[in-house]
Amino acid sequence: MSDTTASPSDLYDRVDAELPPELDVSEVRYEGPDLVVYTETPREFAKDGDIIGTLARTFKKRITIRPAPGTQSSPDEARAAIQEIVPDEAEIRELEFYAEVGEVVIEAEKPGLVIGRRGSTLREITEEIGWTPEVIRTPPMESSTVDNVRSFLRQERGERRDFLERVGEGIHREPPNEVDWVRVTTLGCCREVGRASFLLNTPNSKILIDCGDKPGAEGEVPYLHAPEAFGAGPQSIDAVVLTHAHLDHSALLPLLFKYGYDGPVYTTAPTRDLMGLLQLDYLDVAAKEGRTPPYSSEQVREEIKRTITVDYDSTTDIAPDVKLTMHNAGHILGSAVCHFHVGNGFHNVVFTGDIHYEPTRLFNGAVNNFPRAESMIMESTYGRRGDHQTETAESEARVAELIRETHDAGGKVVIPAFAVGRSQELMLVLEEAMREGEIPTMPVYLDGMIREATAIHTAYPEYLRDGLRQRILHEDENPFLAEQFDQVDGGHEMRERIASGDPCIILSTSGMVTGGPIMSWLELLGPDPNSTLLFVGYQAEGTLGRRIQSGRTEVSLDDRRDRADRVTLECRIESVSGFSGHADRAGLERYVKEMNPRPERILCVHGDEAATDQLSSALYQQFDVRTYQPKNLETFRFS
């Protein structure tokens, strides 16, 4: 019997056989993708720094060692011992003990000092107290989202363990069928931008990848009720994988739980936090605009409770015949290129999600190096022949020029921006430009969720570019804490004061002008010929942002009482490329050209019809790979 299908008693015997006699094994069980070993001798396990690695290599699983009940020091004794072992420079903020799982959560300003070189301090803690330590970082910027998610998951720790045991049983069940095919069904996102959703099928498993909305097209949702998806009921889905938190990929994921899905969601830790932030705001905006939200905040909580986080470059079992590895996509915080290894070497499928191939101020470029990759489902947002983004330095210089001109005219610069990704990129550009004297120092107002999303970025510096990570970890150098950044938290009255005040810069959601605070700025500053409306991000077909970009100056606002129904835009309207989180046409081609190994077939998705068609043709001609421009509700059988 294989490792993945062994019974609990077989697992116990096999783990016990791998250990020296002085190490006790009380119980062995799967919790989600992890193999958990309970022991009466946690201190002895800690003394052997190599044993966990040995077990992980033997069983090809992530290994967690937990103390059996009653083998630990009391919380008071453990607290004192931890404070004695960990250097004061680590700045421990909180210690929480969970007896049901034998874990102590250590929150610290500098978690590296709690972990120690190659985990030496953690082992010393376990040797001394018997508890299994889990270390988390205190965010450099206060984040209510991070605090709320952590608090919620602590409260649900017992129920979550039961959930993980159930998931583990599903993952490690005996596969009834031989893996001799794999299929991908397109449930959205084909020949269009938005409502990303795909289904990966094997003879034993069904994996849903993404579940987003379509910007500017209310009511157009993924085809979840297709026979291949929920046609057999939501419980037929084994797992959901989320590539990143943007709403065109994540907005409707809680809807699955409303339909009755209660399985796992796999994504990175920052994506988990960001998706909760964006989804709750999605509900709030719907309510303010008089629309009926498609789900409730309770379904968002259910989704978070069932999320299993995956680190970059760590391979995880998510079904009896499917392994998942997430790699940096370079798009937004926590965004992932998802590599699926199907069967015992049978087939490998890559879903790029949204990618940016070149490094940016925020992130390293997208990963395109895999052990194997026979098939790829690839984004095509900027896939047209003429889709060329300006070089970063040129783009930044143009933004600085527009800001100087608007400042000298006594106006304000309003930039519609996504709360996640482009806003933080622009904050870095503006902070440096003011510090270097390239633009006048002036207030930069952050409206909407931008400040909170920025705080989440600082909570996960390991997902950022190396140099930026180091700056964030040194509070006096954290660019996001620059004094010119100011949160708009006084509602419409504060916006009116800003609009009638001195020159400034305003970063405001929503990035495609589909609602939210940007509508107030159109009303207040749109009629001002001295001000500038500056687009720096992608504006999808059907959005107000695209219509304004295309020359429309008479725009409709919503019918709230505190603003007019329509406004004539007399402000300067400018667009600067080069700040997108998406690779341009050349970047997409380089991604494939330099990919190792290069896939045998590529499905071009997440782009309008011209973009997917032209990119598909170009990749076929240049690299002699089979390419497709699928429609929604098509199914492709691989091998």
Is it the case that the side chains of [Y] and [X] hold a donor-acceptor pair, with the cut-off being a distance below 3.5 Å and no angle test?
X    : Y    : value
E379 : T352 : no
H244 : T271 : no
S236 : K206 : yes
Q614 : D387 : no
H246 : D354 : no
T243 : D210 : yes
E594 : Y357 : yes
N204 : D321 : yes
T454 : Q424 : yes
S375 : R601 : yes
T390 : S577 : yes

More than 12 foreign heavy atoms under 6.0 Å from [atom1] of [X]: is that the case here?
X    : atom1 : value
E220 : CD    : yes
Y620 : OH    : no
R469 : CZ    : yes
N596 : CG    : yes
R291 : CZ    : yes

Hey, are the side chains of [X] and [Y] touching, using non-hydrogen atoms and a 4.5 Å cut-off?
X    : Y    : value
I318 : F340 : yes
I573 : Q549 : no
T307 : M275 : yes

Practice prompt. Could you point out which residue of N369, N368, D313 forms a side chain to side chain donor-acceptor pair (under 3.5 Å) with H327?
Written response: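 Of the listed residues N369, N368, D313, the side chain to side chain donor-acceptor pair (under 3.5 Å) partner of H327 is D313.
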Item to complete: Applying ring-ring contact (aromatic ring centres under 6.0 Å, His included), run through F257 and Y295 and close with a yes or a no.
Response: CA-CA 9 Å; F257 294 90; Y295 51 82; 10.0 Å; no
Any salt bridge between [X] and [Y], counting N to O under 4.0 Å?
X    : Y    : result
R173 : D238 : yes
R361 : E425 : no
R585 : E589 : yes
K323 : D317 : yes

Fill in: Evaluation steps, ring-ring contact (aromatic ring centres under 6.0 Å, His included), between H356 and F363
CA-CA 9 Å; H356 196 288; F363 308 114; 9.3 Å; no
Practice prompt. For the pair S423 (side chain) and F418 (backbone), establish whether a donor and an acceptor sit closer than 3.5 Å, ignoring hydrogens and angles.
Written response: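 Side chain of S423 to backbone of F418: a pair is present.
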Discussion item. Using a 3.5 Å distance criterion without hydrogens, assess whether the side chain of Q299 forms a donor-acceptor pair with backbone atoms of L253.
Written reply: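 Side chain of Q299 to backbone of L253, a donor-acceptor pair under 3.5 Å: no, none is there.
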Worksheet item: Taking the six-membered ring for Trp, are H339 and F370 parallel (under 30°), tilted (30 to 60°) or perpendicular (over 60°)?
Response: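 If you compare the ring of H339 with that of F370, the planes turn out parallel.
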